2 protein chains.
Amino acid sequence: MCPIATCLVKQCNHTWINRLSDAKNSPIYPKGQFVFMEGSLVLGAYFILKGKVKVISSNVGGKEQTVRLAGEGHMLGHSAIGLEKYSIGAVTLEESQICFIDNATLYEAFMANPKFTFEVMRFYSRELRKSEIRTKCLGLMNNEEKVILGLLYLADTYLLGSQGNQVEIDLNRQEIAQIIGTNAEQVSRVLTSLKKEGLIQTVDRTIQLPDITTLKERIRQYAYATSY
Amino acid sequence: MCPIATCLVKQCNHTWINRLSDAKNSPIYPKGQFVFMEGSLVLGAYFILKGKVKVISSNVGGKEQTVRLAGEGHMLGHSAIGLEKYSIGAVTLEESQICFIDNATLYEAFMANPKFTFEVMRFYSRELRKSEIRTKCLGLMNNEEKVILGLLYLADTYLLGSQGNQVEIDLNRQEIAQIIGTNAEQVSRVLTSLKKEGLIQTVDRTIQLPDITTLKERIRQYAYATSY
DNA sequence: CTAATAGCCTGCGAAAATGCAGGCTTTTTT
DNA sequence: AAAAAAGCCTGCATTTTCGCAGGCTATTAG
């Protein structure tokens, strides 16, 4: 039985929770694995049971942009009815367990469970709002502000509960750059500067954020907020 | 009776279509009017019956970014249950008629009409995908490409049917700049250059796109497509 | 008709971002 | 343990973007 209380599927009635539980499969993906690739057909929806995923989109030249970060309880795959090709991919950032439910079953579940459909709708609505605020930020911010935005976005998405402000980020410079639409060198420069100010620490490969409050203060003028 | 066949409300059964028809009000907003303002409470959802709307978000300094364009049949307001403050506003680009339905009524409609909820969910899902592809483009494109993206975004959103490739855009340079995260001068420069190439025409205040195909070709490497 | 205003275009210097290169450190492989 | 590879930092030259300023045009107001 699935232990994730926040999983959207939990909005179904008991009969359907069991039926979806039977219909799903839940493979474990190693770090760096594609959950689905750009240009592939979407045959159903993915629910993250455990782990971290980035949603990406690339141009033909191979340049890649991370368009969304997703964690436990999040939904992937833009559940489509009918087959849609679709120019977005998803890659695990660490070992992750991800449930898959096919479109036909999902559609039946939507028709039989209004609350489930409603909560999925709300999920997309919230993600859209987050994406739009991101659009604003990426459109108006300079490089340093974007790097701070990226760090806070990672923190917001992957800080579990309120266990202090300690967030560890285990991505390389290139991957951080792709979240905010810049390049590895710029990220390096800004991180160095933030380190000198004591706003971040680096331990081994990971970046730690001991003072999230001050970081947020830095980009306050964009009305960036943890909860959207 | 509402004449918009694509309106999402049409997914409800007849009883509910009538009930929502009674519950809604449908004011006509003049050009340049706020439908709702940034920071206001969201008390329900808006359905565009006729007209064009931009969804905006600003920073404290007053710089404004257009995060989404919406036209006939589109939904605004991120229907929320409960009251949520929310840092996004909407402004008409021309005289527009927009229906409003309050959250309580909407919630009942969602619970009673699975197909309605499902289609609203799909609407948000599609808009999210569009927003994410926009994130990619704004992250990877240079200025000229962004301007072309902006023109095509306007064309896609407001080209009604397939009446040739004639699209008229009646925004000033500043407003175009805010769609793509740049400034009026840059837009001016790119438009001049595109005009010299014969890819756009300006007649009075409006920009015409006589050759959408070639414009799309210009940014093909970003896999930008009319239908997402 | 004239004046005033708003929008538009474009040159130019300043600022920011980019991307290469070289040196360093860390991790992985052999 | 040594070698190879990958990642990281930073200086520098180049390119791009920014934003002011001035002149032009079109629209609106008087």
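Naming convention: chains lettered A, B, ... in sequence-line order (proteins, then strands); numbering from 1 in each chain. As the structure is a computational prediction, the values presented were derived from the model and not from experiment.
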TODO: Please list, chain by chain and in numerical order, all residues satisfying ring pair (Phe, Tyr, Trp, His ring centres under 6.0 Å) with B/Tyr46, sequence neighbours excluded.
DONE: B/Phe36, B/Phe100
Task: side-chain N/O B/Thr182 vs D/dC18 OP1/OP2, d < 4.0 Å - done: yes
In whole angstrom, give the distance that lies between atom [atom1] of [X] and atom [atom2] of [N].
X	N	atom1	atom2	value
B/Ile180	D/dT17	CD1	P	11 Å
A/Leu191	D/dC9	CG	C1'	11 Å
B/Glu144	D/dT16	CD	C1'	13 Å
A/Glu175	D/dC8	CD	C1'	14 Å
A/Leu140	D/dT17	CG	P	17 Å
B/Asn183	C/dT10	CG	C1'	13 Å
A/Gln186	D/dC9	CD	C1'	13 Å
A/Lys146	C/dA16	NZ	P	14 Å

Open item on the list: Within the 4.0 Å heavy-atom criterion, would you say B/Asn142 contacts the bases, only the backbone, or no part of the nucleic acid?
Closed with: sugar-phosphate
Task: Selection from C/dG19, C/dT10, D/dC18 that lies nearest to any side-chain heavy atom of A/Lys63 - done: C/dG19
Open item on the list: Tell me if a side-chain donor or acceptor on B/Glu175 pairs with a main-chain N or O of B/Asn172 at a distance below 3.5 Å.
Closed with: yes
- [ ] In sequence, state the C-alpha distance, the side-chain angles, and the governing distance for A/Thr206 and A/Asp170, and then conclude on side chain to side chain donor-acceptor pair (under 3.5 Å).
- [x] CA-CA 5 Å; A/Thr206 71; A/Asp170 182 18; over 6 Å; no
Using a cut-off of under 3.5 Å, enumerate the N/O to N/O pairs linking the protein to nucleotides 4-8 of chain C.
{"unit_1": "C/dG7", "atom_1": "O3'", "unit_2": "B/Arg205", "atom_2": "NH2", "d": "3.4"}
{"unit_1": "C/dC8", "atom_1": "OP2", "unit_2": "B/Arg173", "atom_2": "N", "d": "3.1"}

TODO: Answer yes when A/Arg173 and A/Glu185 have at least one side-chain N-carboxylate O distance shorter than 4.0 Å, and no when they do not.
DONE: no
Task: Working for side chain to side chain donor-acceptor pair (under 3.5 Å), residues A/Ser58 and A/Glu38 - done: CA-CA 8 Å; A/Ser58 307; A/Glu38 299 178 63; 2.8 Å; yes
Open item on the list: Nearest heavy atom decides the nucleotide; on that basis, is B/Val187 or A/Arg189 closer to the 5' end of DNA chain C?
Closed with: B/Val187
Open item on the list: I'd like to check B/Cys7 versus B/Leu49 (side-chain heavy atoms, cut-off strictly below 4.5 Å). Are they in contact?
Closed with: no
TODO: Taking atom types as modelled, find out whether B/Glu95 and B/Tyr29 have a side-chain donor-acceptor pair closer than 3.5 angstrom.
DONE: no
Task: 5'-most by nearest nucleotide on DNA chain D - B/Asn143 or A/Lys196 - done: A/Lys196
